[in-house]
Each structure stands twice: as C-alpha cells, then as structure tokens.
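Counting convention: from 1, in listed order, for ligands and their atoms alike. Here the structure is a predicted model, which is why all the values come from computation and not from measurement. Along the sequence shown, residues are numbered consecutively beginning with 1.
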Amino acid sequence: MPPRILITGATGTVGGALLRALATAHKEGKITAVAGARSAAKRERLAALGVEVVHLDYEDAASVRAAVAGAKRLFLATGYSVDMLVHSKTVLDAARDAGVEHVVHLGASGSDEQPYAHLIWHAYVERYIEALGFGYTHLQPKTYMRNVLAVIRPGSTVLRQFFGDARVAWIDPDDIAAVAEAALMDPAAHHQATYRLAVEALAMKDVAATVAAVTGIPFTYEARDPADLLPILLKSGMEPVYATNLARAIGAATRGEIPGLAEVNDTVERVTGRAGTRWVDFAARHRERFLVAAS
Ligand SMILES: NC(=O)c1ccc[n+]([C@@H]2O[C@H](COP(=O)([O-])OP(=O)(O)OC[C@H]3O[C@@H](n4cnc5c(N)ncnc54)[C@H](OP(=O)(O)O)[C@@H]3O)[C@@H](O)[C@H]2O)c1
C-alpha cells in the first residue's frame with residue numbers, strides 16, 4: 001500500500017506548493033497525498049488536484065485525530081500566530097498516537113540563535129518533534145521571495161520594504177516545497193536532518209534592479225521606517241505577540257544586528273538536484289504580476 005502523507009497548511013504558500021508537487025506521485029500511485037484544510041470551499045479546490053482531502057482544524061482536536069489516522073508521514077505547517085504552539089502540539093500528539101513515522105516541519109532560520117519569540121517557538125516545536133521520537137526533517141527557511149509580491153501595489157513601480165540597505169538571504173517557497181517533497185518521498189535519505197534554506201543574498205535595491213531588468217520597467221526600492229511596521233502588522237490583524245516580535249526582528253535586521261542575515265547555502269541544489277531559484281528566475285516566473293502592478 002502506498003504510504004499515506006498528511007499535508008497540513010495545504011491552503012498556504014508552502015503547503016500549497018508542496019501539494020501541487022506531490023499530486024503527480026499521488027496520481028502515479030506512489031503515495032497517497034492527503035490535504036488537510038478547515039474550510040469546505042478550500043477543500044473542494046484542493047480536491048481538484050486529484051489528491052485526497054480531509055477536514056482538519058487545529059482548533060478541533062477530534063478533526064486532527066481523524067485527519068492523521070493511517071498517515072505514515074506528515075508535513076507540519078502553522079500560521080503567523082502564537083497559536084502555532086498549541087496547534088503544533090495538537091497535531092504532533094495525534095500523529096504519535098496514529099503511528100506517524102516521519103515529520104517534515106516548516107520552521108524558520110534563526111530559531112536556535114535569535115531572541116525573538118516567533119523564531120524560538122519553532123525551536124520548541126522542533127525539540128518536541130524530537131522528544132516524541134519521530135524521524136524528522138526540520139526545514140529552516142530564510143526570507144520568502146513571495147513577501148515582495150505581497151507588497152506590490154497597483155499602479156506603482158516602487159517596491160516598499162522594511163529592510164533598509166541590509167543584504168537579506170532569500171528563498172522561493174516553491175524551493176522549500178521541493179525540499180519538503182524530497183524528504184516526504186524518501187524520509188530515510190533525509191532522516192534527522194536540519195536544512196537551512198537560503199539561495200541568494202540581495203539588498204532590496206538590488207531586488208528592485210533585478211525586477212526592473214527582467215520586466216523592462218524601472219522598478220525602484222523605497223526603504224520604509226521599521227518603526228512603522230508594528231502598527232501595520234497589527235492593523236492587518238496579525239496576533240500581537242507575533243507581530244511585536246516580527247517587527248523587532250525586522251528592525252534589528254535593518255540595523256544590521258542579525259548575524260548571518262545574508263548567509264546562503266546549497267541545500268536546495270543538494271536535495272533536489274537542481275539549482276535553487278535566484279531573484280532573476282523568480283522575477284521572470286512572476287513577471288506578469290510585476291507587469292500588472294506597473295500598468
Ligand atoms: N514569510 C517568511 O518570510 C517566512 C520565513 C521563514 C519562515 N516562515 C514560516 O513559514 C510559516 C508559514 O508558512 P506559509 O507562509 O506557507 O503559511 P501561510 O501561507 O500563512 O499558511 C498557513 C496555513 O496554516 C493553516 N491554518 C491556520 N490556522 C489553521 C487552523 N486552525 N486549522 C487548520 N489550518 C490552519 C492555513 O489554513 P487557512 O487557509 O484555512 O487559513 C494555511 O493553510 C510560519 O511558521 C513562518 O514562521 C516564514
């Protein structure tokens with residue numbers, strides 16, 4: 001029987017990319033991919049990929065237990081909230097009871113070193129995965145390239161961000177998903193592995209220059225005052241403890257106070273066998289999004 005893999009966060013950025021990647025292996029009968037989602041409408045959309053879907057709400061332990069039943073492998077992704085601690089424990093306890101053997105966890109780079117709660121919580125989740133005795137692959141990505149797509153504004157060629165002049169290490173979430181896919185398809189090859197994920201270090205002004213070169217439109221960068229970030233995050237509805245720590249971390253990054261902020265590695269290439277996505281590739285792949293913004 002093909003191993004059953006439960007994908008949590010399947011409606012999210014990384015989980016969604018992972019599900020699309022695993023759909024092929026599912027159709028070929030190599031695995032059974034099961035996408036967990038709390039919304040019926042979103043489950044319907046995920047089912048169109050041809051994978052199995054299941055109701056899964058982290059706030060409803062019974063739904064989590066039902067979703068994880070029979071799974072041998074698990075992808076664990078949680079959202080941008082302190083609730084990630086309770087959500088992770090709920091899923092991991094159910095996974096242990098269900099006999100899950102391998103967990104691929106979406107964490108964050110810096111979780112072992114930096115004094116910011118939202119990062120340290122990921123370290124606690126990793127230690128809990130280890131304490132429960134799972135085989136594991138810990139993913140520790142740096143900054144998502146997609147964060148830049150989220151701030152493009154209609155009618156504007158100015159990319160506004162909070163990193164000042166700092167060089168930042170970037171990763172395409174599709175590359176994170178590709179590494180997760182490799183670990184879920186062949187857990188033995190990625191057993192008890194911790195993967196830092198960052199492909200290219202660029203300052204935001206160079207990101208804007210790359211987007212300009214790829215689109216032929218003079219995109220520029222405007223550095224925003226990090227002091228403005230917290231009110232923006234709170235207004236967007238982000239949970240306050242998470243928002244406060246994220247804003248502190250980005251403020252420190254802007255002031256050059258985060259060691260290793262620009263550190264990159266070859267993990268994507270080593271694990272997937274293909275080169276990781278650089279900004280020039282990412283801008284080309286999302287060229288339409290930038291062109292629409294500029295129009
Ligand atoms: N952005 C970055 O630059 C960056 C860098 C490093 C690490 N990270 C880490 O990446 C992780 C987030 O990844 P992402 O951007 O892919 O996340 P995302 O797009 O925000 O997705 C979060 C997922 O969690 C699901 N979820 C939330 N609450 C749920 C609940 N009660 N029951 C079931 N599902 C629930 C969401 O489902 P719904 O669709 O139902 O809401 C969604 O599928 C965070 O842990 C963060 O620390 C981010």
Any G107 heavy atom less than 4.0 Å to ligand 1: yes

Crowding at CG, D165 (>12 non-hydrogen neighbours, <6.0 Å): no

Any side-chain donor near an acceptor of the partner, Y58 and T8, under 3.5 Å: yes

Proximity of H138 and H122 rings by center, below 6.0 Å: no

Ligand 1 versus K142: contacting region, heavy-atom distance under 4.0 Å: backbone

Check: Y128/D93 side-chain N/O donor and acceptor closer than 3.5 Å: yes

side-chain contact (heavy atoms from CB on, under 4.5 Å) between L6 and F75, worked out: CA-CA 6 Å; L6 176 65; F75 176 72; over 6 Å; no

Close approach of Y242 to ligand 1, heavy atoms, under 4.0 angstrom: yes

Test log, rule side-chain contact (heavy atoms from CB on, under 4.5 Å), inputs L92 and F134: CA-CA 9 Å; L92 292 167; F134 294 110; 3.9 Å; yes

Cationic N near anionic O, under 4.0 Å, D175 to R278: no

Per atom 33 (C) of ligand 1, closest listed option by heavy atom (D83, L56, V125): L56

Geometric N/O contact A77 with ligand 1, under 3.5 angstrom: no

Atom 32 (N) of ligand 1: the protein heavy-atom neighbour that sits closest, reported with distance to 0.1 Å: Y58 N, 2.8 Å

Check: F282 ring centroid to H286 ring centroid under 6.0 Å: yes

Sub-3.5 Å N/O-N/O distance, G12 and ligand 1: yes

Salt bridge E222-R153, side-chain N to carboxylate O under 4.0 Å: no

For ligand 1, the portion of H122 having any non-hydrogen atom under 4.0 Å away: side chain

Ligand 1 contacted by S39 (non-hydrogen, < 4.0 Å): no

Protein heavy-atom partner closest to atom 41 (O) of ligand 1 - residue, atom, separation in Å: R38 NH2, 2.8 Å

Atoms in ligand 1 with a heavy atom of V14 nearer than 4.0 Å: 16 (O)

Verdict with supporting geometry, T11 and L46, side-chain contact (heavy atoms from CB on, under 4.5 Å): CA-CA 8 Å; T11 58; L46 297 178; 3.9 Å; yes

Sidechain N-carboxylate O distance under 4.0 Å for R38, E59: no

Protein heavy-atom partner closest to atom 1 (N) of ligand 1 - residue, atom, separation in Å: Y80 OH, 3.0 Å

Numbered atoms of ligand 1 (with element) below 4.0 Å of K42, judged on heavy atoms: 38 (P), 39 (O), 40 (O)

Sub-4.0 Å atoms of ligand 1 with respect to non-hydrogen atoms of P141: 6 (C), 7 (C)

Shortest protein contact, atom 31 (N) of ligand 1 (heavy atom only): D57 OD1, 3.1 Å

Close-contact set for ligand 1 against T143 heavy atoms, below 4.0 Å: 3 (O)

Heavy-atom proximity to atom 44 (C) of ligand 1, best of L106, I171, T78: T78

Atom 19 (O) of ligand 1: the protein heavy-atom neighbour that sits closest, reported with distance to 0.1 Å: T13 N, 2.9 Å

Ligand 1 contact on W170 by region, counting heavy-atom pairs under 4.0 Å: neither

Protein heavy atom at shortest distance from atom 25 (C) of ligand 1: G9 CA, 4.2 Å

Any donor-acceptor pair under 3.5 Å from T267 side chain to R196 backbone: yes

Lys/Arg-Asp/Glu bridge criterion (N-O < 4.0 Å) met for R73, D186: no

Nearest non-hydrogen protein atom, atom 38 (P) of ligand 1: T11 OG1, 3.3 Å

Shortest protein contact, atom 4 (C) of ligand 1 (heavy atom only): Y144 CE1, 3.3 Å

